[in-house]
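Working notes, structure below.
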Amino acid sequence: MRTLLILSVFPLLLTAQQPFSEVAQQAGITGEQRARGVSVCDYDGDGAPDLFLSVLDGPNRLYHNDGHGSFTEVGQQGPLATAGNSMLSLWADLDNDGVPEVFIGNKSEPSRLFRQQGGTFVDITAGSGITLDAPVQAGSVFDYDNDGLLDLYLSCLNAPNQLYRNLGKLQFEEVGANAGAAETGLGMGTLAFDYDQDGDQDLYLVHDGYQPNVLLQNQGDGIFTDVSAASGTDVVGDGMGVDAADYDGDGDFDLYVTNLYENFLLQNQGDGTFRELGFDSRTNDLGMGWGTAWLDYDLDGRPDLYVANETSFAVGGQRYNNILYHNDGDGAFSAATTPDAIICSPLSGYGAATADFDGDGLPDLVVANSGQASELFRNATPNTDHHWIKLRLTGTTGNRDAIGAHVSVWTGQGHRQVAEVRAGGSFASQHDRVLHLGLGNAETLDSVVVHWPGGAVSTYPGLVTDVRYDLTEGAAAVVTTSGTTATYEPVVRPLAVYPNPSHGGTINLSRALSDVRLYDAYGRLLLRQAGPVTTVSLPPLSAATCHLTGRADDDRLYRAVLLLRPLE
């Protein structure tokens with residue numbers, strides 16, 4: 001396994017006012033093209049995030065990352081380079097064999113599906129059931145019917161959007177109309193995410209030309225229902241891109257939509273509705289917005305926001321550069337830098353995506369530019385007191401990429417961050433599917449709770465910070481740091497607890513344990529005792545199911561499910 005913490009090859013060019021440096025040319029990303037989408041893709045499975053640029057007027061570009069943030073173009077002689085005048089690429093393991101396939105959506109030529117075979121890419125479009133010859137603008141990969149196979153949703157321009165259901169063995173069937181998802185109009189950005197947290201993936205569709213945006217709620221039976229008006233997400237503008245994160249820390253996902261003129265910030269109210277707060281939050285950038293990304297660039301535990309603007313398009317006679325917003329934690333944002341900072345590029349940006357390309361624990365940004373060199377922004381924000389965690393998930397009962405998995409990270413005093421594994425977003429782009437969360441000053445985690453696609457739940461108590469964990473559904477967590485691979489076994493031995501069910505008061509343990517912790521069903525730490533412990537005095541609790549963990553003298557982790565019952 002590739003090591004995580006490594007020395008960067010990027011030069012340190014930053015000052016206190018420059019949290020990012022632009023390093024594309026030094027890193028090996030060269031050339032000027034009419035690029036549209038940019039996708040982060042670990043196509044060779046070596047653990048380092050690679051890059052794919054979708055290009056309208058020339059060969060597409062596939063860049064291999066050596067793990068230090070230095071790239072080599074490896075696609076020029078392959079079929080991906082000449083797949084068409086491309087807007088979009090989506091990378092995912094569509095047949096659950098451990099190797100990602102790639103779908104390339106084209107603007108005025110038939111779109112293509114490729115699989116890897118013998119170290120190269122093979123066009124398997126013919127016979128796959130994908131027969132799309134419409135202007136693709138954006139798309140998402142998601143398992144809309146929770147059958148363990150990843151499906152494709154594609155946004156088209158003045159043509160019905162397409163939903164390709166995965167039938168297995170890389171065979172697909174177009175079911176958009178039957179599923180209630182064949183929207184028609186000036187389709188632009190698309191995002192699959194679970195806005196109502198009911199365990200299935202919903203769709204948010206961005207429209208251009210003053211056509212209302214659309215929120216399609218997944219009913220869980222293979223059918224989508226339009227809830228745009230009822231939810232307040234039917235904002236109207238010249239929309240382009242979209243991304244989602246829990247910016248306000250209330251446990252649900254909020255939407256940011258780029259637009260010509262004012263952008264929209266749709267705050268999820270947790271009751272099925274959203275409130276538009278672009279102006280109030282000071283994120284209503286007035287430029288020609290395209291790609292966007294939520295990322296905690298300073299690792300303070302709050303998602304920040306990046307917007308890529310097409311600066312060649314003057315708005316009211318003024319050109320607006322890209323902008324980085326800092327999440328101030330009070331519901332509002334502020335400009336993270338001065339307008340002339342390197343990260344506020346004056347080039348014409350379209351796609352934007354984020355990943356930690358050089359493995360230093362700080363999220364970086366890549367922007368696909370039109371007619372100019374694309375840009376790679378290396379993050380070197382000084383965060384001596386801030387910590388982070390990265391989570392790479394692998395499913396077993398659901399799709400192998402764990403797309404749609406919902407993760408809660410608890411860091412003490414009831415503080416929770418939530419994240420979701422996705423493929424597709426921004427504008428015609430794809431972020432790294434490795435989840436990357438800033439933790440502020442937290443040095444340890446209470447727990448990480450993963451709700452896997454398909455319904456399984458895993459709880460990992462007591463993880464450490466500043467490392468990447470590989471979490472496989474139903475297996476131990478593996479951490480790689482400083483060249484050492486270690487296994488963290490979350491729940492491996494049963495523990496008898498009595499009385500169970502309990503009405504509160506004192507419970508007894510079947511053996512002495514140290515570092516005893518009690519979690520509620522959401523993974524929040526309720527109680528912690530040092531050892532050796534054989535009896536636990538419960539705090540006042542309502543009726544619930546709790547999880548109790550502790551370590552024995554053999555350093556094994558023990559776990560018990562405790563049922564709390566009210567007094568009758």
Have [X] and [Y] got a donor and an acceptor in their side chains that come within less than 3.5 Å?
X      : Y      : answer
Ser426 : Asp243 : no
Glu375 : Ser345 : yes
Ser86  : Asn60  : yes
Asn213 : Tyr204 : yes
Thr225 : Gln219 : yes
Trp452 : Thr397 : no
Asn309 : Thr311 : no
Asn263 : Thr258 : no
Ser128 : Gln171 : no
Asn161 : Tyr153 : yes
Asp44  : His64  : yes
Gln197 : Glu420 : no

Please check if the side chain of [X] supplies one atom and the backbone of [Y] the other of a donor-acceptor pair under 3.5 Å.
X      : Y      : result
Asp364 : Asn379 : yes
Asp246 : Gly251 : yes
Asn218 : Asp200 : no
Arg422 : Ala244 : yes
Ser111 : Asn106 : yes
Glu73  : Gln76  : yes
Tyr195 : Asp252 : no
Asp401 : Asp93  : yes
Gln372 : Ser348 : yes
Gln33  : Gly58  : no

[atom1]/[X] to [atom2]/[Y] distance, rounded to the nearest 0.5 angstrom?
X      : Y      : atom1 : atom2 : answer
Arg36  : Ser54  : CZ    : OG    : 10.5 Å
Leu376 : Gln26  : CG    : CD    : 9.0 Å
Phe103 : Leu150 : CZ    : CG    : 14.0 Å
Leu471 : Thr394 : CG    : OG1   : 8.5 Å
Phe264 : Phe274 : CZ    : CZ    : 14.5 Å
Tyr247 : Asp296 : OH    : CG    : 15.5 Å

Could you check whether any side-chain heavy atom of [X] comes within less than 4.5 Å of a side-chain heavy atom of [Y], counting everything from C-beta outward?
X      : Y      : value
Phe224 : Asp202 : no
Val40  : Leu51  : yes
Leu305 : Thr292 : yes
Ser21  : Phe377 : no

For this session: Would you please indicate yes or no on a ring centroid separation below 6.0 angstrom for His406 and Phe253?
Result: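 Yes, ring centres under 6.0 Å apart.
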For this session: May I have the step-by-step check of side chain to side chain donor-acceptor pair (under 3.5 Å) for Gln430 and Ser89, ending in yes or no?
Result: CA-CA 8 Å; Gln430 182 172 339; Ser89 73; 5.8 Å; no
Exercise. Going by the angle between their ring planes, with limits at 30° and 60°, are Tyr164 and Phe172 parallel, tilted or perpendicular?
Worked result: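 Tyr164 vs Phe172 ring planes: perpendicular.
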Exercise. Taking the six-membered ring for Trp, are Trp294 and Tyr256 parallel (under 30°), tilted (30 to 60°) or perpendicular (over 60°)?
Worked result: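 Because their plane-to-plane angle is over 60°, the rings of Trp294 and Tyr256 count as perpendicular.
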Problem set entry | Residue pair Arg378, Glu22: steps toward the side chain to side chain contact (heavy atoms under 4.5 Å, CB included) verdict | CA-CA 6 Å; Arg378 178 187 178 257; Glu22 202 291 300; over 6 Å; no
Can you name the closest pair of heavy atoms from [X] and [Y] and give their distance?
X      : Y      : value
Leu94  : Leu170 : CB-CD2, 3.8 Å
Ala428 : Ala138 : N-CB, 3.9 Å
Leu191 : Ser140 : CA-OG, 3.8 Å
Ser429 : Ser39  : C-OG, 4.2 Å
Leu113 : Thr125 : N-OG1, 2.9 Å
Asp143 : Asn146 : OD1-N, 3.0 Å

Exercise. Considering the options Leu53, Thr72, Val38, which one meets the side chain to side chain contact (heavy atoms under 4.5 Å, CB included) requirement together with Tyr63?
Worked result: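 Per the side chain to side chain contact (heavy atoms under 4.5 Å, CB included) rule, the option paired with Tyr63 is Leu53, out of Leu53, Thr72, Val38.
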Exercise. Are any of the side-chain nitrogens in Arg392 or Asp42 under 4.0 Å away from the carboxylate oxygens of its partner?
Worked result: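 Asp42 and Arg392: salt-bridged.
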For this session: May I ask you to decide whether Arg115 forms a salt bridge with Asp95, counting only side-chain N to carboxylate O separations under 4.0 Å?
Result: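 Salt bridge: yes.
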Exercise. Could you walk me through whether Gln217 and Asp196 pass the side chain to side chain donor-acceptor pair (under 3.5 Å) check?
Worked result: CA-CA 8 Å; Gln217 184 182 44; Asp196 51 4; 2.9 Å; yes
For this session: Using the side chain to side chain contact (heavy atoms under 4.5 Å, CB included) rule, take Leu154 and Leu132 through it: C-alpha gap first, then chi angles, then the decisive distance, then the call.
Result: CA-CA 9 Å; Leu154 304 166; Leu132 180 56; 3.4 Å; yes
For this session: Could you give me the CA-CA distance, side-chain angles and deciding distance for Asn399 and Asn96, then say whether side chain to side chain contact (heavy atoms under 4.5 Å, CB included) is met?
Result: CA-CA 7 Å; Asn399 71 87; Asn96 290 325; 4.2 Å; yes
For this session: Kindly indicate, with the supporting measurements, whether the criterion side chain to side chain donor-acceptor pair (under 3.5 Å) is fulfilled by Glu310 and Tyr350.
Result: CA-CA 7 Å; Glu310 183 187 359; Tyr350 277 78; 3.0 Å; yes
For this session: Apply salt bridge (Lys or Arg N to Asp or Glu O under 4.0 Å) to Asp151 and list each qualifying residue two or more places apart in sequence or on a separate chain.
Result: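 Salt bridge (Lys or Arg N to Asp or Glu O under 4.0 Å) list for Asp151, sorted by chain: empty.
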For this session: Take Asn85 and Glu109, measure what side chain to side chain contact (heavy atoms under 4.5 Å, CB included) needs, and give me the verdict at the end.
Result: CA-CA 7 Å; Asn85 51 357; Glu109 301 175 70; 3.2 Å; yes
